[in-house]
Each structure stands twice: as C-alpha cells, then as structure tokens.
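Quick notes on the structure that follows.
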Amino acid sequence: MCKCNTQVSYLHALLQLCARNRAAIQGQACHAQTFHFGLHQDTITSNILINMYCKSGVMSSARKVFDQMPERSLVSWNSLIGSHAQNGEAQQALTLFRSMQREGSLFSEFTISSLLCACAAKCAVFECKQLHGFAIKAAVDSNMFVGTALVDVYAKCALVKDACLVFDNMKERNVVTWSCMAVGYVQNELFEDALLLFRRAQIMEVEHDQFMFSSIVSACAGLAALIEGKQVHAIISKTGFGSNNVFVTSSLIDMYAKCGSVEEAYAVFTGIKEKNIVSWNTMISGFAKHARALEAMILFEKMQQIGLHPNQFTYSSVLSACSHMGLVDEAKSYFDLMRKEHNVPPNEIHYSCMVDVLGRVGKVSEAYHLIKRMPFDATASMWGSLLACCRFHGNLELAKVAAKHLFELEPDNAGNHILLSNIYAANKKWEEVARTRTLLKESMVKKERGKSWIAIKDKVHAFMVGEINHPRIAEIYSKLDNLVEEMKILGYRVETEHDFHDVEDSRKQQLLKHHSEKLALTFGLLCLPSNAPIRIMKNLRICGDCHSFMKLASRVTQREIIVRDINRFHHFRNGFCSCADFW
DNA sequence: CTAGGGTTAG
C-alpha cells in the first residue's frame, strides 16, 4: 500500500480540479484511485470527493460517499447541506440539518448561511426565524456571511424591517451585504430607501459591483427618476461596468423607458455587444409603453433572426404594443403564433391584452367570449377593460355583466362605478344612474387622489388636484389662466363630462382646470428652458379633458410634453399625441 | 475540503 504524501496531494489536487470543472467522469476515475491508495476511508479525501460530486451535480454519489464515511466531519455535513441549498432543495437541506443535530454534531456559520440561502429561495419565514435563533445561540450571528444571508432572506420574505435591523447591527459588511440590502428595498418597492442606501454606501466609500448597480438602476426606474437614473448611469460608465453585464444594461434600458426617454433606452440597447433574451424583451416592452408598436414588432422579428426564441415576456410586450395601438389583427396573429410556433402557453397577461385590444376596436362580444373560454378566472383588469369598451362602443347588456363581476372583485374602485354610471346615463336610465352614484359617492371617499410630479433640476415637485401648498402656486394659477385663454382661441373647451363630482357645471370646470397634471405642466413651463421637453408623471389614468388640453398646449407652446400615466406614456407634439387618442 | 446577491410583462 503506497501512501506517499506527494501522491496523496496530487490526487486531492486532481479531484479539486474536477470539482472546479464539474468533470464528473474524470472525478469518478480519481475516486477509483482513492481505493487503490487506501484513502477511501480518509475523512479529508471523502470530503473532497463529496465536494467534487456536489459541484458536478451527481448528488447520489456525493451521498454515497457521505453515508460510507467512518468519520464525518463538520465539512462533510456543510458540503452536502450547501449543495442542496444551491440546488434549491430546501427540504433536503433542512432534513440533513435535523439529522446533524440528532447525531449531536455541532454546526457552524457555514451551515447556517447555507440553510438561510435555501430558505430565501422558498420564502420560508418560520424556518428562517428559527435559524436566526440558532445562529444567535451558537454565536455565529456576527459572521458576515450569516448576516448577509439574513438580510437577504428577511427581505425576500417581505420582512424589510428585520432585514434592516440585521444590516444596521452588523459589525462588518462587504459589497454583497450592501447589494443584498439594496435589492431587498427594491424588491419590496422601497425605491427611495434603496437610493438613500446607495448614497450612504458612496459616502462610506463602499465599492460597488454589478449587483448593486442593477438594483439601484431598478430603483430609479421604479421612481421614474430620470435625473438620478442618469447620475447612476454616469457612475456605472466610469467604473467600466457599463456595457458588459446584461443585468445592468437591461436595468438601464428599463429605467430609461420607464423614465420616458425611449431614445436613450434604445441607445443603451444598441450599445450592448452580447444581447440576451432579457435585453430584447426589455427594449420591446419599452417601445410598447411608448406606443411605438412598429419598432416593437421589428425587434420581435430581428431577435429571431439572430436565433433567440420569444418567451412569455416577449409576447406580453408585443401584445401590449398592439393593444395600445388597436392593432387587433396583428395581436391575433401573435396570439396564434405563441403556442404554435414557440410553444409558449398564453397566461393571464396575454389574455388580458387580447381582451383589451378586441374591446378597443369594438369587438366587444368577441372579447367576452374569449374571457368565457380562457382557462383562468377573469381578473378585475379584464372586466374593467371590457366595461370601458362597452361604454365606448355602447353595449349596455354586456356592460351590466362586466360590472357585476367587477364589483364583486373590486367593490371600492370608484372608476368602475363612474364607468357604469356613464353607461346608464348614455342610455337615459336615470334610476340606475342615481343608484350607481350612491355607490360611487361611498367609493370616492376611498379613491386615490390625482397626483402629478415633475423633476426640476434635482428636486421633485408634486402637485395634488387643486394644490395650494406649493411655494409658487399663485404664479402657477395665473400662468395657467393665461394658457387656457390662449387655447380657447384655438377651440379648447373644458370637457366637464370627465368630472364626476356631484356639483354644478361651473364648479366642475374649476375642478378640471386644476387637475394635477395641468399644474405640473404649468410649473414646467415656468421653470424649464424653452427647448426642453416637459416630463410629467401621474399616478392615475389621464382624463379626457387633460388629454385634449395637453395636445393643444403642445401646439400653443411648441413644447414636447411627455406624460406618464398609470399605464403608459403619452408624447404630445404639435397638437398630436403618440397614442393617437387611443388609451 | 464547506457558505451569500441582480434584469424583462397588463
């Protein structure tokens, strides 16, 4: 029996090489050699074998080595648990942990961080809290890996406060810890907090990496904060992460698109050397939001020319592009193609786009039949879009059906009651109008108030309907009056049918005049240079009066006005809107 | 010999 040290370390090195390269076949040959050298019962050799089999994905062999070892060490357990965690097999990892405890083996920071990782993937809150307890008892909670895993798992389970608490109490943090916290904020839609964290990291001169950048860019996208987004983009370019990471570049495309600058989104897109499916999907979705269906469709073709297969995201983006523009035939052919050509089964989002586009072009019954025969329960958004279409195309019978379903799903949504009331009014059913208006008044109390905001330099100015608190509000109202007078000469008439308060017409005119987007626009006119586009963000759908107003305002002032409402972007230029009045 | 994070949909 030869146990020459150089040969042993040679075999170990070979096995480690196999592990790194996930070379199971060669690893197996080395495994045979361990018998030849009488090393098969050696703990370190067995651990290296377990690691090699885990890394190359042969879990059964790893388990066999583990089961046959005469003396298991902590590393043996950790390797196996860690591997199950990485494979997303939380249950197996936890079961092993329990056997480990039953056998009286102590665990380490390696064990806990692996298990936490497994729980993060499954959002297993209870297990995660328990593991946190174990970590404290075993005094491994101050370990950086354990702390980072805790931040990650708490954030993924939507326990942001717990994540923060762990983060703030950590003695030592690295770039992963910081990016986990940032990602945690973004995933819980706490975009402001993510940006504040990023600034804190900058002040503390923490190094950034691609993970941090992609999450911060997503935060800017979520806030529709173009100025901050551009600043972060500049930092990214300086650090050289600019065009070589698909996560960062996809986030950048999405950020520019959601901030209203589809041109800059496209510039990032064309600059990517190796685009993946997400790069394409994000760009297509960007064009869709901006009512540029043709470009969306062209990209859909181009991505296939370079050999990428459209997936569910791709299809939801092209379908929504079609629905925004009322391209019903194109939508139908995509809907057909997705299953036949690319084996993508349509999901609720795809059906929702189809219902929307069919309804928009007046094929209301067809939309209803699609809802009836789809394999899911219809969502509120589907009934809502059907109801809206019934109003537009005048179908009282289907409107009643849609409304009935809708009120079951969303009893407190004021917009739904408004729609139905209008339909009854159009059909001169005054009793029903009165009945719906009572329901409407109750729901109006809970209705979200209209709010718009505009960024001037580095400050965001927000306006509510009939705002009185802005420092320059008097100036704004006076400028708005002048603008309205100028527009009236061109034929602007306040469309009071878009206001649903139970008040007389003159008061309605007043309320409409002071819709938040009009105030934001006026403030933009006061503050921004005369050639700069005016970008306004809004929390609700833009009303018909404001839409006409913006069209005329773009003509009178010769400005480009970009309004993002809850669904999409409107680009107003010289009296026209990119949505072709279809929204 | 063992441990952590990110992008796209109505």
Side-chain angles (χ1 to χ4, degrees), chain A residues 12 15-16 19 42-52 54-55 73-83 85-86 107-118 120 140 143-153 155-156 174-184 186-187 209-218 221 245-255 257-258 276-286 288-289 311-321 323-324 347-357 379-382 384-385 566-568:
Chain A
H12 283 181
L15 276 167
Q16 282 158 30
D42 174 59
T43 304
I44 292 183
T45 308
S46 299
N47 284 342
I48 297 174
L49 278 167
I50 291 171
N51 183 39
M52 182 276 295
C54 286
K55 289 272 156 66
S73 73
L74 181 55
V75 175
S76 330
W77 288 100
N78 287 346
S79 297
L80 217 52
I81 290 174
S83 186
Q86 281 205 328
F107 57 85
S108 72
E109 64 272 30
F110 282 84
T111 331
I112 297 292
S113 64
S114 295
L115 288 166
L116 283 169
C117 165
V140 296
N143 173 275
M144 191 160 62
F145 282 84
V146 172
T148 304
L150 279 168
V151 169
D152 185 49
V153 75
K156 288 218 170 83
N174 67 4
V175 59
V176 183
T177 321
W178 284 89
S179 66
C180 278
M181 194 63 243
V183 169
V186 173
Q187 284 170 346
D209 65 3
Q210 290 107 322
F211 291 82
M212 183 59 142
F213 283 134
S214 62
S215 75
I216 293 305
V217 173
S218 302
N245 179 283
V246 282
F247 290 89
V248 175
T249 49
S250 301
S251 312
L252 282 169
I253 296 170
D254 189 49
M255 182 274 291
K258 285 188 178 152
N276 71 357
I277 179 91
V278 182
S279 330
W280 288 86
N281 287 350
T282 312
M283 193 63 239
I284 293 173
S285 134
K289 279 192 239 318
N311 63 13
Q312 49 178 352
F313 287 88
T314 326
Y315 274 107
S316 77
S317 296
V318 284
L319 285 173
S320 91
S323 96
H324 283 327
N347 63 23
E348 286 169 47
I349 295 167
H350 304 118
Y351 274 100
S352 168
C353 288
M354 287 311 292
V355 169
D356 196 61
V357 70
T379 61
S381 88
M382 292 180 195
S385 90
I566 193 163
N567 297 319
R568 57 178 300 170

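The sequence lines fix the lettering, A, B, ..., with proteins before strands; numbering per chain opens at 1.
For A:F211 and B:dT7, the CZ to P distance is 10 Å, given to the nearest whole Å. In this structure, CD1 of A:I216 is placed 18 Å from P of B:dG5, rounded to the nearest angstrom. The interatomic distance linking A:M144 (CE) with B:dG5 (C1') rounds to 13 Å, in whole Å. Rounded to whole angstrom, the span from the CG atom of A:L116 across to the C1' atom of B:dG5 amounts to 14 Å. Taking atom NZ of A:K258 as the reference point, atom C1' of B:dG10 lies 12 Å away to the nearest angstrom. With rounding to whole Å, A:N78 atom CG is found 11 Å from B:dG4 atom P. Going from atom CD1 of A:I277 over to atom P of B:dA9 covers 13 Å, rounded to whole Å.
A side chain to side chain contact (heavy atoms under 4.5 Å, CB included) with A:S385 is found for exactly one of A:T379, A:V357, A:D356, namely A:D356.
Residue contacts shown for A:I349 include a base, since a base heavy atom lies under 4.0 Å away. The residue A:T111 sits apart from the nucleic acid: no heavy atom pair falls under 4.0 Å. Residue A:S250 is in base contact, counting any heavy-atom pair closer than 4.0 Å across all strands shown. Backbone-only engagement by A:Q16 is indicated by non-hydrogen atom pairs under 4.0 Å involving sugar-phosphate atoms exclusively. A:V217 comes within 4.0 angstrom of no nucleic acid atom, judged by non-hydrogen atoms across all strands. The residue A:T148 sits close to a base: some heavy atom pair falls under 4.0 Å. Using a 4.0 Å heavy-atom criterion, one finds that A:N311 contacts no nucleic acid atom at all. The residue A:N143 sits close to a base: some heavy atom pair falls under 4.0 Å. At a threshold of 4.0 angstrom between heavy atoms, the contacts of A:N567 with the nucleic acid are absent. Residue contacts for A:S215: at a heavy-atom cut-off of 4.0 Å it reaches no nucleic acid atom on any strand shown.
At a cut-off of 3.5 angstrom, the base of B:dA9 holds no donor-acceptor pair with the side chain of A:N281.
In this model, the phosphate group of B:dT2 is not approached by any side-chain N or O of A:N47 to a distance below 4.0 Å at OP1 or OP2. OP1 or OP2 of B:dT8 has not a single side-chain nitrogen or oxygen of A:K289 nearer than 4.0 Å.
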**Request:** Begin from the C-alpha positions of A:N78 and A:S108 and carry the test side chain to side chain donor-acceptor pair (under 3.5 Å) through to its verdict.
**Result:** CA-CA 8 Å; A:N78 287 346; A:S108 72; 3.2 Å; yes
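Here A:F313 lies parallel enough and close enough to stack on the base of B:dT8, with planes under 30° and ring centres under 5.5 Å apart.
One side chain, A:S279 or A:N276, offers a donor N or O that lies under 3.5 Å from an acceptor on the other. Under the 3.5 Å distance criterion, with hydrogens and angles disregarded, a donor-acceptor pair is assigned to the side chains of A:N47 and A:S73.
Among residues two or more places apart in sequence or in another chain, the side chain to side chain donor-acceptor pair (under 3.5 Å) test is passed with A:S214 by none.
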